[in-house]
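What follows is a set of notes on a single structure, which appears directly below.
Computed from a predicted model, the values in this text were never measured in an experiment. Sequence lines set the chain letters: A, B, ... in the order given, protein chains first and strands last, and positions in each chain run from 1.
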Amino acid sequence: MTKGVDVDLENVWIRFGDFVAVREANVNIKGGEFFSFLGPSGCGKTTILRSVSGFLEPSEGNVRIGGRDMAGIGPNKRPTALIFQNLALFPLMKIWENITFSMEVKGASKAERRKRADELLDMIALPDQGEKLPSELSGGQKQRVAIARALCAEPDVLLLDEPLSALDLKLRQHMRTELREIQQRVGITFIYITHDQGEALTMSDNVAVMRAGIIDQIGSGHTVYNDPATPFVASFVGENNVFRGKVKSIDGDMALVSTNRTGELLARIATTVQGSLKVGDPAMMFVRPEALNIAPDISSAPNRFAAMVKHEEFEGQIYNVFLEGSEGKEIKMSLVNIGKERQSAEGMNLTLEYVPEQAIVLPAGELASE
Amino acid sequence: MNVGQLFKDFFAKNGIGLGTFLLVAVLFWVVILIVLPQLSMLDFSFRHHLPPPEMGGPKDTYTIEHYKYLVLGAPGADTSYNVVDLGVFGRTLLAALFVTILDLLLCYPLAYYLGQSRGGGAIRILVLLLIIPYWINEILRAFAFRIIFGESGLINEMMLAMGLISNPVDFIRANVALYAGLGYAYILLMIFPIYNVIESLDRNQIEAARDMGAPWWRIHWRIVIPYAKPGISSGCTMVFMLSAGALAAPQILGGPSSLWFTQIIYQWFNTGGNWPRGAAFAIVLLVTCIIIVLSMMRLFKVKIGDIGK
């Protein structure tokens with residue numbers, strides 16, 4: 001198999017009439033990398049994918065694949081293969097014909113195609129299914145056939161447009177692992193589009209988080225989760241409790257935020273805004289549900305606040321505890337189920353605490369709407 | 001499931017009133033309006049041509065003389081086969097086939113374009129433009145074509161003015177007007193079944209094929225046409241059957257030397273006053289058309305159930 005090649009977007013703008021679908025995208029995707037575009041629907045991630053696959057040309061800027069400018073090169077001439085959201089298997093062709101369609105286009109003989117189809121069917125663990133029609137396979141099997149069909153073209157870059165969204169939870173989780181394995185085996189560049197942060201974080205080497213045509217942050221899953229660059233990233237990737245307020249004081253990379261409803265809270269300034277965030281700036285403080293814990297005593301501290309338990313949800317490995325802070329502020333806390341007796345009960349007044357380094361301060365900005 | 005259960009379910013689903021109406025309406029339509037008239041024509045075609053007083057009399061027996069006449073001609077004729085009628089018969093079928101293929105070539109691209117461009121004002125106007133001409137009745141349309149294709153018609157005048165020809169072309173004699181008129185008459189019957197199927201074709205399949213390097217003709221050959229096959233065969237069946245059975249257009253637009261088989265049937269029924277012979281000829285036309293359609297469907301591997309889709 002070919003080694004993956006770099007994909008570069010340089011100052012890419014994509015407009016539909018007056019509507020700007022993608023604004024000044026600059027992305028460097030390294031060869032052999034599993035790269036995800038993560039964002040809510042309508043954020044422009046599929047548009048970016050279509051500009052890489054060649055179904056649309058950017059209004060401005062360049063798309064480069066393996067260093068080669070792709071302007072004016074159609075989708076049938078690019079070294080990319082696209083897996084569609086609905087897979088788009090050809091319903092009237094047998095599985096082996098589906099898989100080897102790209103070879104048929106190039107004029108390969110039937111014997112060659114059969115042989116290659118059998119190899120690929122072995123790879124996706126569906127031997128002897130070649131003679132069936134797509135409608136005779138299950139969802140997960142079709143998924144694998146779509147992957148095999150895309151790989152058969154021996155692309156340098158595989159583009160995946162939310163291909164797992166139609167599968168049920170268990171199968172989706174299984175396919176995540178499988179996709180990652182296939183990617184590491186074939187070593188080509190994968191560009192993955194998803195609105196599911198779980199998929200993006202588990203599979204990707206790097207993630208670009210998008211909002212309304214703008215790429216807010218590019219980084220590893222760790223980085224976008226633990227050190228978000230904007231309030232949107234902080235609230236879209238995973239869950240977060242948001243406290244609005246103003247920066248009261250700064251000490252090194254830590255800031256004390258005087259929040260509107262919950263008093264003064266201490267947190268770490270996000271890496272990207274260290275140095276630019278000033279005392280008196282409107283700010284947002286984020287602390288994740290799993291970073292919150294029940295304090296051993298009720299003494300007050302800048303990393304503690306009081307709240308009353310409203311109700312609980314039991315999810316198996318965790319309890320989600322929904323609380324009400326002062327002035328009706330809603331707070332969510334996740335406690336790991338370690339088999340001990342529950343420490344909280346409805347109506348109970350608790351003091352919550354967190355490790356200040358695990359909470360993040362960012363300049364106030366737009367949040368992801370639920 | 002037995003028949004009784006089927007009826008019970010049918011009435012349970014639709015209620016007694018609506019169920020009875022549906023059942024009676026469909027039975028009336030199928031039995032009274034389709035099956036019985038055809039059966040009586042079939043019966044007619046095997047009877048002697050007798051003056052009314054002798055009908056039902058001792059001479060009124062079954063015979064195959066009219067079928068024999070179509071194949072062998074009148075007893076004691078110069079040729080051993082009925083060259084004239086069989087010739088017209090064959091020519092009619094070939095011409096109907098030609099009209100069908102012409103319509104398919106014209107309509108497939110149009111139907112593809114209509115089906116794949118999602119909605120939009122321009123599409124609605126285009127569809128309207130296709131439908132409006134059908135508000136005009138058949139006779140008027142046929143005569144309009146006669147005027148357009150006539151020796152001093154629009155087309156000849158234009159070509160003369162542009163200097164493309166020095167003498168008017170006789171489009172009527174060359175049957176150009178007839179083919180154009182028939183093709184035009186059944187365009188919608190070809191477009192809509194194909195359009196219906198193509199509209200439901202997932203556009204991603206076309207993009208997927210393109211992404212895998214397929215040129216446009218291979219996309220049509222491997223993806224679109226196989227998918228549209230039920231629509232194509234449904235359109236072709238209707239256009240072929242109706243062209244072969246057309247009467248007004250050949251009457252008005254046909255050249256003097258070219259007779260349509262329906263015109264011969266019409267003559268036997270009407271001027272000839274020989275109903276049994278007309279019935280026999282009509283039955284032969286019907287059965288032949290059905291055989292052609294069924295064998296075509298077999299050749300292109302289309303199931304009869306697919307046409308209803």
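- Atoms CZ and CZ, on F90(A) and R222(B) in that order, are 9.0 Å from each other to the nearest 0.5 Å.
- Contact between R210(B) and N76(A) at its shortest, heavy atoms only, is O-CB, 2.9 Å.
- Counting all heavy atoms, side chain and backbone alike, F55(A) lies closest to E207(B) at CZ-O, 3.2 Å.
- Among P91(A), A150(A), G54(A), G74(A), the residue with the largest count of heavy-atom pairs under 4.5 Å with chain B is P91(A).
- Of the atoms belonging to L87(A), not a single heavy atom falls under 4.5 Å from chain B.
- By the 6.0 Å contact criterion, OH on Y134(B) is enclosed, its count of non-hydrogen atoms from other residues, nucleotides or ligands being greater than 12.
- L82(A) touches chain B through backbone and side chain together, each having a heavy atom under 4.5 Å away.
- Counting heavy atoms of neighbouring residues, nucleotides and ligands inside a 6.0 Å radius, atom CG of D168(A) exceeds 12 of them.
- Environment of CZ in F10(B): crowded, with over 12 heavy atoms of neighbouring residues, nucleotides or ligands closer than 6.0 Å.
- The choice from P215(B), P226(B), A214(B) that makes the most heavy-atom pairs within less than 4.5 Å of chain A is A214(B).
- With a 4.5 angstrom heavy-atom cutoff, E97(A) touches chain B only via side-chain atoms.
- Note that CE of M212(B) and CD of E104(A) are 10.0 Å apart. Values are rounded to the nearest 0.5 Å.
- Other residues, nucleotides and ligands place no more than 12 heavy atoms under 6.0 Å from the CZ atom of R298(B).
- Between the side chain of N204(B) and the backbone N or O of A88(A) there is no donor-acceptor pair closer than 3.5 Å.
- Note: M93(A) leads K77(A), M103(A), M93(A), R78(A) in heavy-atom pairs under 4.5 Å with chain B.
- Proximity to chain A involves both the backbone and the side chain of D211(B), based on heavy atoms less than 4.5 angstrom apart.
- Heavy-atom distances place no part of R203(B) under 4.5 Å from chain A, backbone and side chain included.
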